[in-house]
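These notes are about the structure you will find just below.
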Amino acid sequence: MGNILEVKNVSKYFGDFTAVKDVDFVVEEGGFFSILGSSGCGKTTLLRMIAGFQHESEGDILIRGKSMKGIPPEKRPVNIVFQTLALFPMMNVYENVAFGLQRKKMSKPEIEALVNEMLSRVGLNGFETKNVTELSGGQRQRVAIARSLVMKPEILLLDEPLGALDRKLREHMKVELKLLQKEIGTTFIYITHDQSEALVMSDKIAVMHQGVFEQIATPRDLYRNPKTAFVAGFVGDSNRFEITQSNAEQLITEGGWKINKAHEGAKLLFIRPEALILNPSKGGENIETFSVTIKTILFDGSNTKLSTTVDDSSSGEELLISLPQNAEFENLKEGDSILVGIHKDDLKSY
Ligand SMILES: Nc1ncnc2c1ncn2[C@@H]1O[C@H](COP(=O)(O)OP(=O)(O)OP(=O)(O)O)[C@@H](O)[C@H]1O
Ligand SMILES: [Mg+2]
């Protein structure tokens with residue numbers, strides 16, 4: 001399948017402020033593409049340009065190879081789900097979903113068939129006559145998505161659609177959304193500041209920072225090989241060390257291995273908590289071992305971590321280590337010293 005969307009070197013200026021800078025990417029047909037970034041980085045501005053609500057200052061946006069310049073929002077084969085959902089509060093579920101089709105002057109039976117099909121896809125049949133104000137947050141969410149999807153857009157743009165939901169419901173909805181997208185096959189462009197949402201749902205993720213795309217990659221690749229220090233710090237948990245002249249050789253020195261040799265000139269070092277191996281059986285060639293002392297155990301179910309300090313380091317920096325769910329480590333306690341291993345490839349420096 002080809003690329004349904006091409007965004008070519010797009011920039012957006014508001015006066016002398018640059019909201020989006022030289023963003024360049026393609027989205028494959030049928031893909032789930034996420035744009036991940038913190039508040040104010042330019043996500044909504046970019047989405048609004050794709051939808052046609054805002055004009056790019058530079059660059060071009062193509063859908064199925066056709067430039068969208070001069071094409072108004074209603075003529076673009078896209079639909080947008082807003083964070084605020086923007087449902088019509090005076091209408092019931094059926095009327096909300098049918099609204100766009102009625103404006104297209106479709107016949108009543110046609111509309112009925114399409115609305116009913118869509119409501120059953122999002123698990124809302126039986127809710128037709130309920131007013132949207134009577135629904136839960138997750139149900140309203142599904143009405144908003146059904147209302148957009150019923151228009152059969154080629155691309156569905158979603159602007160932080162789960163932002164207003166509580167954590168538990170968000171966890172649930174992100175799985176549902178991913179399944180729904182797979183089932184209907186519509187291309188989704190999803191913006192979020194929540195890295196877990198992006199990692200779980202996407203085929204591809206773009207990490208955006210201050211108007212710029214820092215990296216575009218699959219979730220796995222983004223997590224394993226962050227290209228910039230920003231991505232390494234933003235996606236997933238990491239131990240982050242600032243490397244200075246005086247601590248460079250001390251951060252982790254056991255085994256005669258010096259951090260500054262492999263990472264010459266680097267200023268920052270990132271190590272994922274789960275990359276640290278407790279009691280490594282035999283240090284292979286690329287595994288370095290050193291001992292740490294446990295300061296506290298941060299119990300969080302399957303996500304429990306040890307807060308430790310490296311024994312041989314005078315810098316005393318904290319090192320967080322994931323605790324595997326394993327009987328071997330059940331009796332670890334504060335003050336214990338334990339051997340830790342790290343694969344050289346799991347040290348990321350910038
Ligand atoms: N119409 C406008 N005029 C001037 N500045 C704007 C305009 N729209 C957006 N901006 C600025 O552009 C920047 C990016 O805004 P945008 O809404 O795209 O961010 P965002 O990534 O969607 O943030 P959030 O996650 O908070 O929704 C912000 O600094 C914002 O103040
Ligand atoms: Mg926004």
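Just follow the structure's listing: the first ligand is 1, and inside any ligand the first atom is 1. All residue numbers refer to positions in the sequence shown, counting from 1.
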Check for a donor-acceptor pair, side chain of N239 on one end and backbone N or O of I271 on the other, with a separation under 3.5 Å.
yes

F17 neighbourhood, listing ligand 1 atoms whose heavy-atom distance to it stays under 4.0 Å
11 (C), 12 (O), 13 (C), 29 (O)

Can you find a pair of side-chain heavy atoms, one from Y190 and one from K174, that are under 4.5 Å apart?
no

List the closest protein heavy-atom neighbour of atom 1 (N) of ligand 1: residue, atom name, distance to the nearest 0.1 Å.
F14 CE2, 3.5 Å

Quick check: are there more than 12 heavy atoms from other residues, nucleotides or ligands sitting under 6.0 Å from NZ of K178?
yes

Could you list which atoms of ligand 1 come closer than 4.0 Å to a heavy atom of E160?
25 (O)

State whether T44 contributes an N/O/S atom found under 2.8 Å from the Mg ion (ligand 2).
yes

If I take atom CG from residue L36 and atom CD from residue E214, how far apart are they, to the nearest 0.5 angstrom?
11.0 Å

N or O pair under 3.5 Å between G42 and ligand 1
yes

Which residue owns the protein heavy atom closest to atom 25 (O) of ligand 1, what's the atom, and how far is it?
K43 NZ, 2.8 Å

Show which atoms of ligand 1 fall inside a sub-4.0 Å distance from at least one heavy-atom site of T45.
9 (C), 14 (C), 15 (O), 16 (P), 18 (O)

Answer yes if the side chains of T133 and N131 hold a donor-acceptor pair under 3.5 Å, and no otherwise.
yes

Should you measure from each heavy atom of T44, which atoms of ligand 1 turn up under 4.0 Å away?
17 (O), 18 (O), 20 (P), 22 (O), 27 (O)

Please evaluate residues L5 and F33 with respect to the criterion side-chain contact (heavy atoms from CB on, under 4.5 Å), reporting the C-alpha separation (whole Å), side-chain torsions for both, the decisive distance (0.1 Å), and the verdict.
CA-CA 11 Å; L5 175 72; F33 188 96; over 6 Å; no

Do D22 and N9 pair up side chain to side chain, a donor and an acceptor below 3.5 Å, judged on atom types alone?
yes

Are the side chain of R240 and the backbone N or O of L268 linked by a donor-acceptor pair below 3.5 Å?
no

Closest approach of any protein heavy atom to atom 26 (O) of ligand 1, naming residue and atom:
S39 OG, 2.5 Å

For G37, state whether at least one heavy atom is located under 4.0 Å from any atom of ligand 1.
no

Would you say atom 30 (C) of ligand 1 makes contact with the protein, given that contact here means a non-hydrogen protein atom less than 4.0 Å away?
no

Using the side-chain contact (heavy atoms from CB on, under 4.5 Å) rule, take D203 and E28 through it: C-alpha gap first, then chi angles, then the decisive distance, then the call.
CA-CA 10 Å; D203 302 315; E28 240 177 77; over 6 Å; no

If you compare G211, G163, G40 by their heavy atoms, the one closest to atom 20 (P) of ligand 1 turns out to be G40

Can you tell me if R48 contacts ligand 1 (heavy atom of the residue under 4.0 Å from the ligand)?
no

Identify, by atom number and element, the atoms of ligand 1 in contact range of A19, meaning under 4.0 Å from any of its heavy atoms.
12 (O)

